[in-house]
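Reminder, nothing fancy here: chain letters follow the sequence lines and each chain counts from 1.
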Number of protein chains: 2
Amino acid sequence: MELTPVMEKFIVRWGEMGGTWGINRASAQIVALLYLSEKPITAEEISETLSIARSTVSTDLRELQNWGVVKVVHVLGDRRDHFETLVDPAEFFRVIVRERKRREIDPLVQALREGVVEAGGREAFVRDRMRDMLEFFEILTGVYDRTEDIPTSLLLKMAKQMGQLPLKTALKIAQLGDGLGESLKRLVK
Amino acid sequence: MELTPVMEKFIVRWGEMGGTWGINRASAQIVALLYLSEKPITAEEISETLSIARSTVSTDLRELQNWGVVKVVHVLGDRRDHFETLVDPAEFFRVIVRERKRREIDPLVQALREGVVEAGGREAFVRDRMRDMLEFFEILTGVYDRTEDIPTSLLLKMAKQMGQLPLKTALKIAQLGDGLGESLKRLVK
DNA sequence: CGGTAATTTCGGTATAGACCGAAAAGAGAG
DNA sequence: CTCTCTTTTCGGTCTATACCGAAATTACCG
């Protein structure tokens with residue numbers, strides 16, 4: 001597969017970002033390539049196009065499949081596996097967030113819960129600090145959980161609408177404070 | 001400074017997480033220690049307590065100050081700098097998000113804009129894919145921008161309220177779709 | 001202006017983890 | 001069953017970067 005300069009630039013940059021997102025560079029590049037590809041491609045082809053060792057491609061594809069961002073596709077009359085990635089960026093993003101929450105946030109919350117108990121009354125200050133931290137994460141995951149059951153397309157529309165609100169309006173909504181919950185419920189009645 | 005087992009556990013875990021969040025372990029541990037400390041402490045003390053080289057502490061404190069999560073405090077009659085961190089987890093979190101957006105998302109968006117132009121009509125498929133990606137990030141940053149001007153305390157209250165909504169209600173709100181914007185505007189009138 | 005306490009700079013080392021390539025394992029086809 | 005194509009496993013390097021310690025710099029005191 002031949003890469004145009006535009007494609008190459010995108011893939012390189014995407015790869016760089018991968019590192020900071022808990023995905024290694026090679027994996028990120030693979031996803032980028034699949035994302036730009038019109039049809040599913042083989043591991044061999046990925047390896048050649050990106051100059052990544054065949055074995056690395058194999059390992060990383062496996063990892064990406066575990067994450068649920070890459071799928072195998074079979075082509076009639078071809079023994080080789082062909083791969084494709086999610087085409088909807090939002091879908092892709094959700095997977096990343098979901099996984100990172102599961103791997104990083106959830107264990108932390110668990111640890112904080114235990115810590116608060118262990119600190120007990122004996123270390124009141126430490127306990128309170130940990131409790132604050134815990135409370136914050138619980139609020140955060142609370143909001144996240146609300147989004148879990150909403151289809152991506154709807155979520156996107158929501159985000160779009162919210163992003164287009166005048167700043168003033170956004171602020172006013174925030175100022176509803178504790179009344180916000182009730183207001184929203186009334187809104188959909 | 002003496003660490004209790006509870007404190008140590010928290011600091012270690014926090015340090016581990018730091019790596020995956022674009023903050024190195026030492027820096028993350030330093031923040032954790034400061035977070036658990038009742039009063040500002042010196043670099044020397046941090047170095048001893050965490051067994052991190054004095055120079056590393058210095059470098060990392062500088063970095064953390066740049067990020068805006070650590071501040072210097074001066075104690076009367078003491079030439080040494082004392083350090084403290086933000087006490088509000090939400091505040092802390094906002095700083096992290098703001099910085100990462102600036103360092104990672106913004107440049108990517110910029111690159112995508114350029115890429116879309118360069119791809120032009122000649123590489124329609126690639127251009128469309130990049131355009132999709134760009135559009136997604138623009139929606140995302142749009143929502144984020146709306147939150148930037150809202151004080152943390154309000155934002156937290158908002159989050160809390162949203163997290164406590166029944167799933168059904170959350171879904172209904174999402175289903176307002178394109179009407180959501182107008183509904184929200186009416187809500188605050 | 002010394003002198004000392006405190007901080008920062010900087011070159012070198014250690015370490016984690018990504019990546020490679022050879023070899024093993026697996027999967028059809030004849 | 002064996003031969004070939006494909007994928008996976010695994011031990012060894014290679015690389016980025018975190019971290020260290022000595023030396024330089026800065027800040028402040030008497």
Side-chain angles (χ1 to χ4, degrees), chain A residues 11-34 40-67 70-84 100 103-104, chain B residues 1 11-34 40-67 70-84 103-104:
Chain A
I11 291 169
V12 167
R13 193 164 262 277
W14 196 254
E16 286 165 356
M17 236 186 57
T20 70
W21 282 72
I23 299 171
N24 62 45
R25 188 166 59 238
S27 295
Q29 287 179 351
I30 292 171
V31 171
L33 177 61
L34 292 177
I41 51 185
T42 64
E44 186 68 25
E45 217 171 339
I46 296 172
S47 171
E48 284 165 7
T49 311
L50 300 179
S51 304
I52 295 173
R54 180 64 186 74
S55 58
T56 304
V57 172
S58 177
T59 309
D60 289 350
L61 279 173
R62 160 72 62 103
E63 178 80 1
L64 290 168
Q65 282 175 278
N66 288 341
W67 278 62
V70 164
K71 283 205 199 98
V72 187
V73 172
H74 289 283
V75 174
L76 207 68
D78 194 336
R79 275 162 67 181
R80 297 168 301 175
D81 289 346
H82 292 237
F83 300 90
E84 64 180 13
R100 294 203 65 168
R103 300 186 190 191
E104 294 162 28
Chain B
M1 187 170 178
I11 291 169
V12 167
R13 191 165 264 276
W14 197 253
E16 285 165 357
M17 235 185 57
T20 69
W21 281 73
I23 300 172
N24 62 44
R25 188 165 61 240
S27 295
Q29 287 179 351
I30 291 171
V31 171
L33 177 61
L34 292 176
I41 53 185
T42 64
E44 186 69 24
E45 217 171 341
I46 295 172
S47 170
E48 285 166 6
T49 310
L50 299 179
S51 305
I52 294 173
R54 179 65 185 76
S55 58
T56 304
V57 172
S58 177
T59 309
D60 289 350
L61 278 173
R62 159 74 62 104
E63 178 79 0
L64 290 168
Q65 283 175 276
N66 287 343
W67 278 62
V70 164
K71 282 205 200 97
V72 187
V73 172
H74 290 283
V75 173
L76 207 69
D78 193 336
R79 276 164 65 182
R80 298 169 301 177
D81 289 346
H82 292 237
F83 300 89
E84 65 180 12
R103 299 184 192 194
E104 294 162 28

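- At a threshold of 4.0 angstrom between heavy atoms, the contacts of B:Thr42 with the nucleic acid are absent.
- Across the protein-nucleic acid pair, B:Leu64 atom CG and C:dT7 atom P stand 15 Å apart, rounded to whole Å.
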Q: Go through the steps for B:Gln29 and B:Asp60 under the test side chain to side chain contact (heavy atoms under 4.5 Å, CB included), then give the verdict.
A: CA-CA 10 Å; B:Gln29 287 179 351; B:Asp60 289 350; over 6 Å; no

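- Taking atom CD of residue A:Glu44 and atom C1' of nucleotide D:dT8, one finds them 14 Å apart after rounding to whole Å.
- Between A:Ser58 and D:dT8 there is a side-chain N or O to OP1 or OP2 distance below 4.0 Å.
- Taking NE2 of A:His82 as the start and CD1 of A:Ile46 as the end, the distance is 10.5 Å to the nearest 0.5 Å.
- For B:Asn24 and D:dT17, the shortest distance from a side-chain N or O to OP1 or OP2 is not below 4.0 Å.
- Spacing between atom CG of B:Leu50 and atom P of D:dA18 amounts to 17 Å, rounded to whole angstrom units.
- Listed candidates were D:dT9, C:dT9, D:dG21. Nearest to the side chain of B:Thr59 is C:dT9.
- Picking from D:dC29, C:dG28, D:dT8 the nucleotide with the shortest atom distance to the side chain of A:Arg79 gives C:dG28.
- Backbone-only engagement by B:Ser51 is indicated by non-hydrogen atom pairs under 4.0 Å involving sugar-phosphate atoms exclusively.
- As a whole-Å value, the separation of B:Asp60 CG from C:dT9 P is 13 Å.
- Residue B:Glu63 contributes atom CD, which lies 12 Å from atom P of C:dT9 at whole-angstrom precision.
- Nucleic acid contact class of A:Arg80 (heavy atoms, under 4.0 Å, all strands): sugar-phosphate only.
- Where the helix from C:dC1-D:dG30 to C:dG30-D:dC1 starts and where it ends, the local axes point in directions that differ by 10°; five pairs per end, rounded to 10°.
- You'll find the side chain of A:Glu84 stays beyond 4.5 Å of the side chain of A:Val70, heavy atoms only.
- Heavy-atom neighbours of B:Arg25 CZ from other residues, nucleotides or ligands within 6.0 Å: at or below the threshold of 12.
- Residue B:Thr56 has a polar side-chain atom (N or O) positioned under 4.0 Å from OP1 or OP2 of D:dC20.
- The distance from atom CG of A:Asp78 to atom C1' of D:dT4 is 15 Å, rounded to the nearest whole Å.
- In this structure, CZ of B:Arg54 is placed 12 Å from P of D:dC20, rounded to the nearest angstrom.
- Atoms CD1 (B:Ile52) and C1' (C:dT15) sit 16 Å apart, rounded to a whole Å.
- The two atoms that bring A:Glu45 and A:Thr49 nearest to each other are O-OG1, 2.6 Å, heavy atoms only.
- Proximity of a side-chain donor or acceptor of B:Ser47 to a complementary backbone N or O of B:Ile52 within less than 3.5 Å is detected.
- Residue B:Glu63 holds its CD atom at 9.5 Å from OG1 of B:Thr59, rounded to the nearest 0.5 Å.
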